[in-house]
**Q** 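Below is the structure I would like to discuss, written out as structure tokens.
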Amino acid sequence: MLLYDGPEGRRAARLVEVEAYHGTRDPASHAFRGPTPRTTVMFGRPGHAYVYLSHGVWYCMNIVAHESDIAGAVLLRGAEPLEGFADGARLSGPGLLGRAFTLSIAHSGVDLTRSALQLRDAPAVPPREVARGPRIGIAESATSARPWRLWVRGSSGVSR
DNA sequence: CGAATGATCCGA
DNA sequence: CGGATCATTCGA
């Protein structure tokens, strides 16, 4: 689950949909062309957040998941509200999730084990409730044979 | 389906 | 410096 003690109070959500990106080995990854000012955090330590602006509007969050040279990361795509959100808030989709947590570029690079923004353990999801498939919005060549999108079957926090 | 939003990257 | 890109979302 994701926890944020931010300016608007404490917010928590259960992560139910993610996608994996294999850093420098994955053409769909922002890290594919090597480190740039925006993507250097992906070449740093695992457990830190990589936040970027998508389509001029949406702040999307990744968790750095590999040691430096690989620069792999996990994109958070969907969650179920647990605490601190308005009734009926939708966290289904990476942009909506970022907006619900009032994320911005300032959150890129924070240590998710020590900051106001934290990744916390949550009860394990039974394997039969976990579905997997191709990533969304990625060119066929990049995503073929890589079912790196994982989600909790039937959750309202999963994007379409 | 298509528009709209803006930081970022690359090539020139 | 300019044009293309981008892992998006919403509303007809």
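Here is the naming used below: chain letters follow the sequence lines, and residue numbers restart at 1 for every chain.
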**Q** dC9(B), dT8(C), dA7(C): which one has an atom nearest the side-chain heavy atoms of Thr36(A)?
**A**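 The listed nucleotide nearest to Thr36(A)'s side chain is dC9(B).
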**Q** When you measure from the side chain of Leu96(A), which nucleotide among dT9(C), dA7(C), dT8(B) comes out closest?
**A**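 Nearest to the side chain of Leu96(A) among the choices is dT9(C).
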**Q** Whom does dC9(B) pair with, Watson-Crick or G-U wobble, provided both distances fall under 3.5 Å?
**A**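 Partner of dC9(B): dG3(C).
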**Q** Using whole Å, what does the distance between atom C1' of nucleotide dC9(B) and atom CZ of Arg33(A) come to?
**A**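 These atoms are roughly 8 Å apart.
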**Q** In sequence, state the C-alpha distance, the side-chain angles, and the governing distance for Glu17(A) and Arg149(A), and then conclude on salt bridge (charged side-chain N to carboxylate O under 4.0 Å, His left out).
**A** CA-CA 7 Å; Glu17(A) 181 185 359; Arg149(A) 173 178 177 241; 2.8 Å; yes
**Q** Could you check how far NE2 of His30(A) sits from C1' of dA7(C), rounded to whole Å?
**A**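 Going from His30(A) (NE2) to dA7(C) (C1'), I get 5 Å.
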**Q** Would you mind reading off the distance between Phe32(A) atom CZ and dC6(C) atom P, rounded to a whole angstrom?
**A**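 Roughly 12 Å, once rounded to whole Å.
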**Q** Between C1' on dT8(C) and CD on Glu19(A), what's the gap in Å once rounded to a whole number?
**A**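 My rounded result for the distance is 12 Å.
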**Q** Report the nucleotide, chosen from dA7(C), dG6(B), dT8(C), that has the shortest atom-to-atom distance to any side-chain atom of Leu53(A).
**A**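 Looking only at side-chain atoms, Leu53(A) lies closest to dG6(B).
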**Q** Rounded to whole angstrom units, what separation is found between the CE atom of Met42(A) and the P atom of dC9(B)?
**A**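 Rounded to whole Å, this separation is 10 Å.
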**Q** Would you mind telling me which of dC9(B), dT8(C), dG6(B) lies closest to the side-chain atoms of Pro37(A)?
**A**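 The closest nucleotide is dC9(B).
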**Q** Can you tell me if Arg90(A) and Ser92(A) form a side-chain donor-acceptor pair at under 3.5 Å?
**A**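 Yes, because at least one side-chain N or O of Arg90(A) sits under 3.5 Å from a partner of the opposite role on Ser92(A).
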**Q** Choose from dT5(B), dA7(C), dC9(B) the nucleotide whose nearest atom is closest to any side-chain atom of Val57(A).
**A**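 The nucleotide sitting nearest to the side chain is dT5(B).
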**Q** Could you tell me the separation between the CD atom of Glu17(A) and the P atom of dT8(C), rounded to a whole number of Å?
**A**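 So the CD-P distance, Glu17(A) to dT8(C), works out to 10 Å.
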**Q** Cation-pi check for Trp151(A) against Arg153(A): NZ or CZ below 6.0 Å from the six-membered ring centre and within 45 degrees of the axis, yes or no?
**A**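 Pair Arg153(A)/Trp151(A) does not count as cation-pi.
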**Q** What's Ser159(A) touching, base or sugar-phosphate or nothing? Going by heavy atoms closer than 4.0 Å.
**A**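 Touches nothing.
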**Q** Provide, to the nearest angstrom, the distance between the NE2 atom belonging to His22(A) and the P atom belonging to dA7(C).
**A**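 It is 18 Å, rounded to the nearest whole Å.
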**Q** So is the aromatic ring of Tyr52(A) stacked onto the base of dA7(C), judging by whether the centres are under 5.5 Å apart and the planes are under 30° apart?
**A**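 Check failed, Tyr52(A) does not stack on base of dA7(C).
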**Q** When both hydrogen-bonding distances must be under 3.5 Å and the geometry is Watson-Crick or G-U wobble, what is dA3(B) paired with, if anything?
**A**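 Pairing partner, where one exists within any strand: dT9(C).
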**Q** For dT9(C) and Arg99(A) - does any side-chain N or O of the residue sit under 4.0 Å from the phosphate oxygens OP1/OP2?
**A**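 No, Arg99(A) has no side-chain N/O under 4.0 Å of OP1/OP2 on dT9(C).
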**Q** Kindly state whether the pair His55(A) / dT5(B) counts as stacked, where counting means centroids closer than 5.5 Å and planes tilted less than 30° apart.
**A**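 Check failed, His55(A) does not stack on base of dT5(B).
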**Q** Working to the nearest 0.5 Å, report the span between CZ of Arg77(A) and SG of Cys60(A).
**A**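 These two atoms lie 8.5 Å from each other.
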**Q** Would you check, one step at a time, whether the test ring-ring contact (aromatic ring centres under 6.0 Å, His included) holds for Tyr21(A) with Tyr50(A)?
**A** CA-CA 12 Å; Tyr21(A) 287 84; Tyr50(A) 165 57; 9.9 Å; no
**Q** Would you mind reading off the distance between Arg38(A) atom CZ and dA7(C) atom P, rounded to a whole angstrom?
**A**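 It is 10 Å, rounded to the nearest whole Å.
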